[in-house]
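So the structure is just underneath, and the comments pick up after that.
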Amino acid sequence: MSGHGWWKKGNCTGDRANVYNCLYEWYTDNSWRQKACSPHKELRPYTGSGDRTVAHATCNSSASTSWRNHVDVDVIGESDTSEWPSNQADVPCWVG
Amino acid sequence: MPERSVAAQPGVVSGARRAAGTMFAALYGELVPHAWRDPDSELDAYSMFYHRSIAMGWLDDTSAGGGIEDSMRRAPGLWGTNDAGWAHPLAAAKAGLISWFQVGASAVADDRPLPVQPFLRCAADATARAGTPTLSAVQLLLPVQGLDPASRPPYAPVPAVLTVPWFAERDPEARTPVEVNINSGRDPAIPAIAQQLTDHLGRLDQDVFTCGSHGVAGQDAVIPPPLDDRFWNGPPLHGVVLRGELVEWSCDAVGWLAEAVADCAAHLGIRAPLLFTVTRTTVGPAGGR
């Protein structure tokens with residue numbers, strides 16, 4: 001399975017950011033365990049181009065499992081806020 | 001045994017938002033690229049599909065979290081985007097793959113079908129941004145396991161039937177012969193209910209699809225899907241093929257039929273993803289949207 005990362009400029013003045021994203025699999029002890037991260041890439045703001053990072057984890061079965069994709073964005077030359085946004089989904093992919 | 005001594009395993013968060021499952025579409029045929037379009041354009045299939053989904057109000061954004069906008073009221077929708085492309089490493093050679101799209105379908109309302117028509121609308125619109133398509137086949141992975149036939153209200157046991165009038169105003173000459181392959185992968189569930197499925201479809205108050213005959217279909221009867229088998233219990237070993245006519249050769253009509261077949265299959269006890277492939281059996285005028 002794959003998760004993507006990108007950023008939009010919002011009210012930032014910089015037009016380049018270091019971006020990466022990571023995939024986390026949920027475990028029954030209520031933990032989210034990191035299973036894959038993308039390479040760090042310096043990206044322009046996402047305006048519909050192919051400027052995205054991709055994290056990929058290989059599924060070992062198709063059992064339904066909860067996943068989060070976290071994206072970290074560090075806008076070059078600007079102090080960032082500390083949030084780490086994510087999207088969560090149940091996916092037929094079990095890595096373990 | 002104390003719970004802490006049990007090794008933790010991956011699983012599903014309890015109380016999480018329900019989802020229907022993975023829905024996938026592959027469009028086959030020919031695509032004549034727009035002369036004005038930069039062939040090196042960075043605007044890819046994912047981008048086209050994602051932005052079209054937002055524009056139509058169909059993108060589900062409720063799973064977002066962890067940002068400064070946590071208190072925002074986020075848009076519910078029909079799906080969250082997963083991925084898309086113009087080519088796929090698992091596509092069969094000479095199959096004529098034009099584009100593919102994968103989403104996570106949101107939970108389906110009790111009186112609404114799987115959102116296959118809007119899904120294919122965005123897929124077709126995204127593809128048409130790259131060129132002019134002439135479709136020969138449409139292939140779908142339908143998350144039938146996300147349907148609960150017991151929750152369907154009496155007025156909508158197969159909700160797609162409620163939208164049949166959309167197809168009433170059309171050119172009678174537009175009817176198109178097709179073959180519909182419905183495949184349950186390694187599980188022989190679909191061949192086992194082939195007669196019941198065609199009977200169920202035949203009893204619906206609709207003329208979007210008229211079935212002439214049906215038969216058991218083997219692996220060679222369907223385009224190998226550009227999907228990892230683990231997505232859906234593949235490869236496509238066990239299926240049935242329905243031969244008949246669609247009211248028109250369009251993604252709307254294909255989507256409608258997929259919605260109806262998914263509900264009929266769920267009523268007959270299917271609780272797993274189905275591979276659904278509609279192939280045009282005559283060559284017609286350019287188009288296919």
Shortest non-hydrogen contact between A:His4 and B:Asn82, atoms and distance:
CE1-O, 3.4 Å
Is chain B contacted by the side chain of A:Trp94, its backbone, both, or neither, given a heavy-atom distance below 4.5 Å?
side chain
Pair count under 4.5 Å, heavy atoms only, with chain B: among A:Gly3, A:Cys59, A:Ser2, A:Cys93, highest is A:Cys59
Minimal heavy-atom distance between B:Pro10 and A:Gly96, with the atoms involved, is CG-CA, 3.5 Å
Under 4.5 Å heavy-atom distance to chain B, tell me which part of A:Trp67 shows up: side chain, backbone, both or neither.
neither
Over all atoms of both residues, closest heavy-atom pair of B:Val12 and A:Ser66
CA-OG, 3.3 Å
Is there side-chain contact between A:Asp29 and B:Gln9, with heavy atoms separated by less than 4.5 Å?
no
Between the CZ atom in A:Arg52 and the CG atom in B:Asp44, the distance rounded to the nearest 0.5 Å is 4.5 Å
Can you tell which part of A:Arg68 gets under 4.5 Å to a heavy atom of chain B, answering side chain, backbone, both or neither?
neither
